[in-house]
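Both ligands and their constituent atoms are indexed starting at 1 by order of listing. FYI, side chains are in, hydrogens and waters are out, and symmetry mates aren't considered; it's all heavy atoms of this structure.
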Amino acid sequence: MKAYDSLKVTPLLPEALQPLQTLAMNLRWSWRDEAHALFRGIDPALWSATGHNPVTMIKSLRAEKVRELEQDKDFLHRLQLELEDFESYCEQDRWFKKQTSGGEDAKTTVAYFSMEFGVHQSLPIYSGGLGVLAGDHMKSASDLGVPIIGVGLLYTYGYFTQTLSREGWQQEHYTEHYPEDLAVTPVLDEQGEHLHVSVLYPEQREVKVAVWKADIGRVPLLLLDTNIDANPDDFRVITDRLYGGDAEHRIKQELVLGVAGLRAVQRFCEITGRDEPDVIHMNEGHAGFAGIERMGQLIVAGETFETALAVVRASTLFTTHTPVPAGIDRFDMLLAQRYLQADEQGNSRLAPGVPVARALELGKEDDPTRFNMAHLGLRLAQYANGVAKLHGAVSRSMFKDLYPNFEESEVPITSITNGVHIRTWVRGPMKSITSAMSGNRDLTTANHWNAPDAIGSSELWRVRNELRKELVTRSRMLSLESWENRGAQEAELGWTKNILDENALTIGFARRVSTYKRLTLMLQNPERLRRILTNPERPVQFVIAGKAHPADMGGKQLLQELVRYADEAGVRDRIIFIPDYNISMAKFLVAGSDVWLNNPIRPQEASGTSGMKAVMNGCLTLSISDGWWDEFRDDEAGWTIPSAVHADASLRDKWESQALYDILENEVVPMFYDRDEQGVPQAWVEKIRYSMSVVAPQVAAERMVRDYVTELYLPAGRSSRYANNLEHAREFAQWQGKVKDAWGNVEITGIQNVTGEAQAGGHAQLEATVELGSLSPEDVKVEAVVGRTDEYGEFIKPRKVEMQPDVETGKFVMDIPVSVPGTLGYTVRVIPDHKLLRSPAELGLVRFPN
Ligand SMILES: *Cc1c(COP(=O)(O)O)cnc(C)c1O
């Protein structure tokens, strides 16, 4: 029988239960265990069926359940406490206010653009580490009271969910998500209508973009959605999937993120009476078009291209996340040109005012057929950073051609090492003992993370056992489910009840399946691995998860190789692949594993964050020295797999895997199984304690966000406000033109060592005669460069000291302290100098003596 039609039945939440709705609509509940427990407690089965989504759970409550809750005094009391906690969380003064109190910096506000945000499983708009990082950034910004607005896309399908075929081949599934089932609300305009902004595509076609808002504690996250009635079908699908489709689909999405995103933030601020953000933070190059749009607005208002660029650069921060050139987002130049849409005058219809030819130049690279979004980001941003120290260095080398005539060390890309949000990632049992010991109930202040020292060994070990047990239980369930999906019959599956051993050394490995992360490094010597796994006295087990990008055939093959090995080598109860890696799974995986394995090809892992989550839970690190571990690696906190620098990739993999087996057999396994009379592995627990107290505070997102604020946001806010006084930007733009024109006549005609031979502990006086042509001494900096040199006369890490003009002689002079005896090389250079210039390398202008 077929239904004639359908009608909707919505639950009526009585007054007393309204706070449930309030709590459900702000994702802050997701990092507050008490709120989580409150929701779950209403109906654990329903909670699990809705995928831990309070919004849909509340909508599915039966009338009897609602009446029951309404009468439940204890429940209402807890609800009230949660509401009060939430309200006080939102109102309390926070770190940012204290940090900037009374000063000019207090005005700084930031718009943070990202293609993905991983806040919670119930808001499926992320795929992996980049998104989770953006989510943790929002959460910590909320905790710290940083005035920031997130901007992203609301995908209809999000990223895919993963299952395996019988043969172990990845299967992708897409589920439609409706905004009314998510913790998002429409942003309303002044008339109370759902706010729409628009962006123009070729052939004068206007795409309408609806603006939604998710609340992450105190931080609003604006989400853009083209799947609305006002759009024709081909526009409705623009925001369909994360990282799906071809290059044209991708550029369409990036135009929505950048152009519509900037317009959305501006309208949102107008409507809510906020100041427009003065800093634009582009999390990866995907949002580069935001800078083009902002330039267009300034040009339409009468400014020159140069002035507009100066304003945008002074207010933009670009964060790069990939040390691999192949990982960079690049479009065909013709595609970019088509979407920028030149009118008869050559000006963009997409971003009115911007000359298309010049916009294209901002994204140019070596290959003239490519428009490079990272180059665009760097050219639009005076502030740029990588995400770990090593990654900063690799980025400076990778992008040095954008800053000709300067040394790699002077490339203006700094680094802020990633971090993870403690409250989100520390699992319940560990959270209880650490917060009880530190007296820091909220665990929001990493500085007070001194708990592990105070926790007794047996207590710490008890919690570790509890977390491992949870991992084993959940893995069994998910494994059974996976085998059913793979078409196995229930009768064949009795063995899955006994997979994994809750007392065995458990190694976790879960991350996107990208080639460089080397999921299958452990399979280099399958026989040796089998022996490690099946050792009767000291067994080892692996729990593995990760999705391959749907278009990445190589990645899917690696995955299949791993699954087949587990099936065929008779170790399918010791090496478990759990499909559909996501945030919920990551939480119990990083917490329940004893060791977190990370074996990327150095230096291709920009930072990596799953290992940080592991550390916070007392899981120890076993890693190649790359990304974050290159910086924090410490033999007392974990184990480092030596990386082999070898041109032959297969030899490198062979050596590194051997080192991995050696460390496992000789160090990790013995230490784990070496127990005292109480069954506690004392040395192991000591290592956990060290790792948790020394490493964990440094990899907290709170530390990361503070660093962003003090090292980048506040300086960018200052230069942004300075340049937004357009007199300053115009003057700077004109000055740049003047300096470029005059640079040909700048010359260093003489350098004198006035001192002759200097004595250690004394000074050497240098004097330089500089011809500045039409420039004045204020336009330049004259620097003495001093240091040891190699056999070719090249400086090794030289010092640079600014020289002062001598009013009488017109020469530039400097007394340089010298302390170490030996031979010192010196030279002098002239570089441009201006208040709005952040790095000497920006203009590519420098003069050395002939
Ligand atoms: C943390 C996390 C990642 C990132 O892991 P890496 O170690 O940086 O590769 C990816 N996916 C999910 C679901 C995560 O929680």
Side-chain angles (χ1 to χ4, degrees), residues 30-31 51-52 114-137 139-140 158-162 242-243 283-284 321-324 327 386-388 390-391 417-427 478 507-519 521 543-549 555 558 578-593 595-617 619 621-624 626-632 638 699-701 704:
S30 71
W31 70 92
H52 304 185
S114 180
M115 201 70 173
E116 46 173 316
F117 286 88
V119 180
H120 183 259
Q121 195 50 32
S122 61
L123 188 60
I125 53 169
Y126 70 94
S127 87
L130 182 73
V132 175
L133 179 80
D136 282 1
H137 196 102
K139 292 171 187 174
S140 294
Y159 203 51
F160 69 96
T161 50
Q162 178 196 50
L242 175 57
Y243 305 140
N283 188 41
E284 253 315 336
H321 290 267
T322 172
V324 192
V387 290
L390 177 63
H391 179 231
T417 305
N418 283 345
V420 297
H421 187 245
I422 298 180
R423 279 235 118 209
T424 298
W425 293 107
V426 179
R427 197 100 182 125
L478 294 170
I507 303 184
F509 184 106
R511 43 182 65 84
R512 283 182 303 115
V513 184
S514 293
T515 319
Y516 79 85
K517 293 182 187 257
R518 292 191 297 189
L519 169 69
L521 187 74
V543 182
I544 298 171
K547 296 175 179 178
H549 185 275
L558 293 180
I578 318 180
D580 204 32
Y581 186 45
N582 59 34
I583 291 179
S584 316
M585 191 192 294
K587 286 182 184 170
F588 64 81
L589 256 175
V590 295
S593 302
V595 172
W596 197 251
L597 175 63
N598 178 41
N599 49 224
I601 299 170
R602 189 177 196 269
Q604 299 191 25
E605 185 64 271
S607 164
T609 50
S610 58
M612 301 173 170
K613 302 167 191 166
V615 165
M616 308 234 151
N617 285 288
C619 168
T621 308
L622 170 55
S623 175
I624 291 272
D626 197 12
W628 75 282
W629 186 246
D630 186 68
E631 202 164 319
F632 297 115
V699 295
M704 165 181 77

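Between Met616 and the options Thr424, Val590, Ile422, a side chain to side chain contact (heavy atoms under 4.5 Å, CB included) holds for only Ile422. Under the side chain to side chain contact (heavy atoms under 4.5 Å, CB included) test applied with Pro600, the options Thr515, Asp626, Leu521 reduce to a single match, Asp626.
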Tell me, with the steps shown, if Glu116 and Tyr243 meet side chain to side chain contact (heavy atoms under 4.5 Å, CB included). CA-CA 10 Å; Glu116 46 173 316; Tyr243 305 140; 2.7 Å; yes
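With sequence neighbours excluded, the residues forming a side chain to side chain contact (heavy atoms under 4.5 Å, CB included) with Ala586 are Trp425, Tyr581, listed by chain and number.
Ordered by chain and residue number, the residues placing a heavy atom less than 4.0 Å from ligand 1 are Gly128, Gly129, Val132, Trp425, Arg511, Lys517, Tyr581, Asn582, Ile583, Ala586, Gly608, Thr609, Ser610, Lys613.
Not a single donor-acceptor pair under 3.5 Å links the side chain of Lys587 to the backbone N or O of Arg427.
Note that the CZ atom of Arg423 and the OG atom of Ser140 stand 12.0 Å from one another [nearest 0.5 Å].
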